[in-house]
2 protein chains.
Amino acid sequence: MSPMSPSIKDVAVRAGVSVGTVSNVLNHPERVAESTRTAVQSAIAALGFVRNSSAAQLRAGTSRSIGLIVLDMANPFFHDVARGVEQVADELGYAVVLCNSDDQTSRENRYLQVLEEQRVRGVLITPIEVSSDRLDALRRRGTPTVLVDRHDPRVNCCSVAVDDVVGGELAGAHLVAQGHERIVYFSGPLGLSQCADRLTGLRRSVAAAGLDPDAVIEVVEIPVMNARSTHDVARARFEQGERATAAFCANDLMALGVLRAALSTGRRVPGDLAIVGYDDIEFAADAAVPLTSIRQPTQQIGRAAAQLLVEECDNPDTHAHQQVMFKPELVTRESTRH
Amino acid sequence: MSPMSPSIKDVAVRAGVSVGTVSNVLNHPERVAESTRTAVQSAIAALGFVRNSSAAQLRAGTSRSIGLIVLDMANPFFHDVARGVEQVADELGYAVVLCNSDDQTSRENRYLQVLEEQRVRGVLITPIEVSSDRLDALRRRGTPTVLVDRHDPRVNCCSVAVDDVVGGELAGAHLVAQGHERIVYFSGPLGLSQCADRLTGLRRSVAAAGLDPDAVIEVVEIPVMNARSTHDVARARFEQGERATAAFCANDLMALGVLRAALSTGRRVPGDLAIVGYDDIEFAADAAVPLTSIRQPTQQIGRAAAQLLVEECDNPDTHAHQQVMFKPELVTRESTRH
DNA sequence: ACTCGTGAATGAAACGTTTCACGATCTCCA
DNA sequence: TGGAGATCGTGAAACGTTTCATTCACGAGT
């Protein structure tokens with residue numbers, strides 16, 4: 001049966017000072033005389049006082065924290081982003097509230113609600129839908145928002161992403177250079193600009209080589225971008241005799257799924273099927289056949305996003321929205337080496 | 001330039017009712033007449049009112065959230081645990097505050113402080129040190145705590161873990177059965193009971209086979225349990241001519257590091273070196289050589305821990321601490337198949 | 001005509017901080 | 001001796017909720 005936790009008032013009584021003084025010891029120690037300060041501090045220690053941040057924040061009217069909502073914490077890509085965000089937030093004295101929407105709109109909305117109720121200073125988000133009413137409302141009410149790994153075509157907020165068209169081009173050019181003329185693109189939902197852009201890049205590079213994209217490329221759209229569902233789809237295709245000689249996957253988890261499906265249906269990689277992934281997560285290098293992949297500057301994405309957000313929080317008036325765009329690069333490994 | 005967000009009072013004025021009524025619409029809609037309710041609701045919508053949870057929580061004195069502090073979000077093991085925790089918390093109406101201590105005591109302490117200041121109802125933690133003053137103080141002040149993937153020998157809190165001695169035995173018995181007589185154990189810090197227990201199990205199984213554990217087993221202690229540092233240590237050993245024919249690793253990330261080091265120094269796996277990992281993370285099955293591993297019921301750990309915590313929060317008086325212990329199982333794959 | 005009961009809304013108190021205008025006390029120097 | 005600063009402390013107000021005792025209005029029952 002826990003006794004109610006002591007308040008600043010209890011500390012004040014015990015130390016024989018006023019509450020204002022205790023508050024000063026906590027927040028502006030230099031304003032209070034040495035002797036009083038130590039008296040207060042020992043009262044705090046004796047009572048086991050812990051500041052109630054709800055009260056502090058209520059009074060302050062504003063918090064020193066930002067929200068980060070990612071799509072899928074199981075994807076190492078988002079860890080690295082989160083790590084970048086935390087680094088910058090730490091440096092600038094902000095706390096990060098980490099939320100995992102798990103690709104469900106209901107969870108995303110719930111977290112947005114919670115973050116707004118907590119009066120976070122700003123929100124970093126990889127939204128399920130770029131143009132969501134919920135997000136617009138949040139911004140309208142004055143909470144700055146930065147999109148991570150997404151761009152808003154309407155440009156009414158900052159965003160940080162990687163040039164997905166270039167990523168698609170890199171993958172396509174690499175495969176075409178190795179003579180592949182039937183490429184299957186295991187895509188996530190084409191409603192995602194990322195997935196669509198990568199396809200655009202892929203088509204562009206095929207066309208640049210003088211081939212007909214429509215003849216070369218086949219698109220397989222997979223709703224959930226993880227290893228398991230991609231494996232299942234790929235396996236079904238392979239068992240029915242896939243004709244493609246190369247696969248390009250919208251992320252490395254999917255590529256691992258395709259790889260497993262290929263190997264378990266007796267294909268050799270890259271002999272029978274070359275595979276290019278996306279993100280270059282750490283596990284890509286350790287895969288059954290080390291994966292060629294498109295590397296994104298993941299931590300930098302997180303760092304840049306956090307910096308933009310804090311900039312907007314600190315200078316809401318002079319702030320101008322920016323769309324930061326990083327360039328991806330190709331990392332070649334066994335899965336495409338002939 | 002964001003206008004101060006509207007308070008319940010603004011809503012009350014606009015709807016022509018008192019603040020108490022607005023609060024009732026928010027929290028006990030059934031207590032207020034239909035017509036008033038809709039009037040208030042449209043005022044809320046018109047003003048874009050969002051409840052200030054600091055004020056609500058200050059008044060309530062207690063929150064409906066629990067903290068979860070994990071060691072390393074980059075380790076899929078902890079995701080799965082987190083997922084289990086979230087499932088249960090969702091069902092029971094609690095929010096989860098997710099924190100990543102990243103194996104740094106300073107971060108762990110900082111998060112404990114923040115969580116306590118936020119007056120979370122309880123804390124789930126995989127602590128860096130099981131017996132920490134900080135944790136004891138937290139408990140003494142009335143915040144229930146449950147250890148995840150750890151046990152407290154002093155049994156002054158609940159805990160959920162997996163029998164690591166059995167895990168070590170499973171691995172050892174499997175390797176011994178295949179005729180290995182020189183086994184290197186890539187361990188994390190032996191100060192962790194987990195790592196120590198697995199060694200105990202390993203030694204026990206070797207002894208059970210009539211061999212001398214001291215002659216068979218060599219222990220390599222690696223401070224940071226990730227792929228990179230393990231790879232570096234393993235590689236150095238392999239380049240100097242490792243004599244062991246089998247490696248047992250304290251987790252799968254480490255096993256992946258060993259695998260990479262072995263392959264890149266020209267060893268065949270399992271021919272020259274058999275490898276057993278721990279945790280059976282999803283990537284283990286997709287590794288260059290699919291890894292034999294010790295599987296833990298990861299989500300169940302999270303679920304059980306959350307249930308124990310909530311139980312203690314809801315019945316602080318009648319609650320009795322429990323130490324839940326799951327059994328691991330062996331999953332055999334290529335890395336130990338001869 | 002009167003109480004009584006019921007359903008609905010009110011308004012003030014309380015939660016634990018921080019802030020800030022205001023005293024109190026001391027030191028130093030004319 | 002008096003007065004000007006400087007240095008420390010004080011205490012009340014304010015932040016936005018929720019709660020709860022109270023009031024109000026109105027119809028039913030005697």
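Note that this is a predicted model, so its numbers are computed, not measured. Chain identifiers are assigned alphabetically (A, B, ...) following the order of the sequence lines, protein sequences preceding nucleic acid strands; residue numbering begins at 1 within each chain.
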A:Glu312 pairs by side chain to side chain donor-acceptor pair (under 3.5 Å) with which of A:His319, A:Gln307, A:Gln322, A:Arg121?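 Checked A:His319, A:Gln307, A:Gln322, A:Arg121 against A:Glu312; only one passes side chain to side chain donor-acceptor pair (under 3.5 Å): A:His319.
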
At the 4.0 Å heavy-atom cut-off to chain A, mark where contacts on DNA chain C begin and end, going 5' to 3'.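 Boundary nucleotides touching chain A, in 5' to 3' order, are C:dG16 to C:dT19.
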
Just distance, no hydrogens or angles: give the donor-acceptor pairs under 3.5 Å from side chains in residues 6-14 of chain B, sequence neighbours left out.
residue	atom	partner	partner atom	Å
B:Ser7	OG	B:Lys9	N	3.1
B:Asp10	OD2	B:Ser7	N	2.7

Using every non-hydrogen atom in the two residues, find where A:Ile128 and A:Thr105 come nearest and quote the distance to one decimal.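 The answer is CD1-N, 3.4 Å.
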
Look at atom CG of A:Asn315 and say whether more than 12 heavy atoms of other residues, nucleotides or ligands are closer to it than 6.0 Å. yes

Presence of salt bridge, [Y] and [X], under 4.0 angstrom:
| X | Y | answer |
| --- | --- | --- |
| A:Arg303 | A:Glu86 | no |
| A:Arg150 | A:Glu129 | no |
| A:Asp136 | A:Arg141 | no |
| B:Arg134 | B:Glu116 | yes |

For B:Val19 and A:Arg51, find the nucleotide of DNA chain C closest to each by heavy atoms; which residue's nucleotide sits nearer the 5' end?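 It is B:Val19, whose closest nucleotide lies nearer the 5' terminus.
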
Closest-nucleotide ordering on DNA chain C, the 5'-leading residue of B:Thr21 and A:Ser54: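 Here B:Thr21 is the residue nearer the 5' end.
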
Assign B:Ala60 to base, sugar-phosphate, or nothing according to its heavy-atom contacts below 4.0 angstrom with the strands shown.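 Nothing: the residue B:Ala60, judged by heavy atoms under 4.0 Å, touches no strand.
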
Counting any heavy atom closer than 4.0 Å, what does B:Gly61 reach on the DNA or RNA strands: base, sugar-phosphate only, or nothing?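 Result for B:Gly61 = nothing.
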
Residue-level proximity of residues 23-33 of chain A to DNA chain C when a heavy atom falls under 4.0 Å: A:Ser23, A:Asn27, A:His28

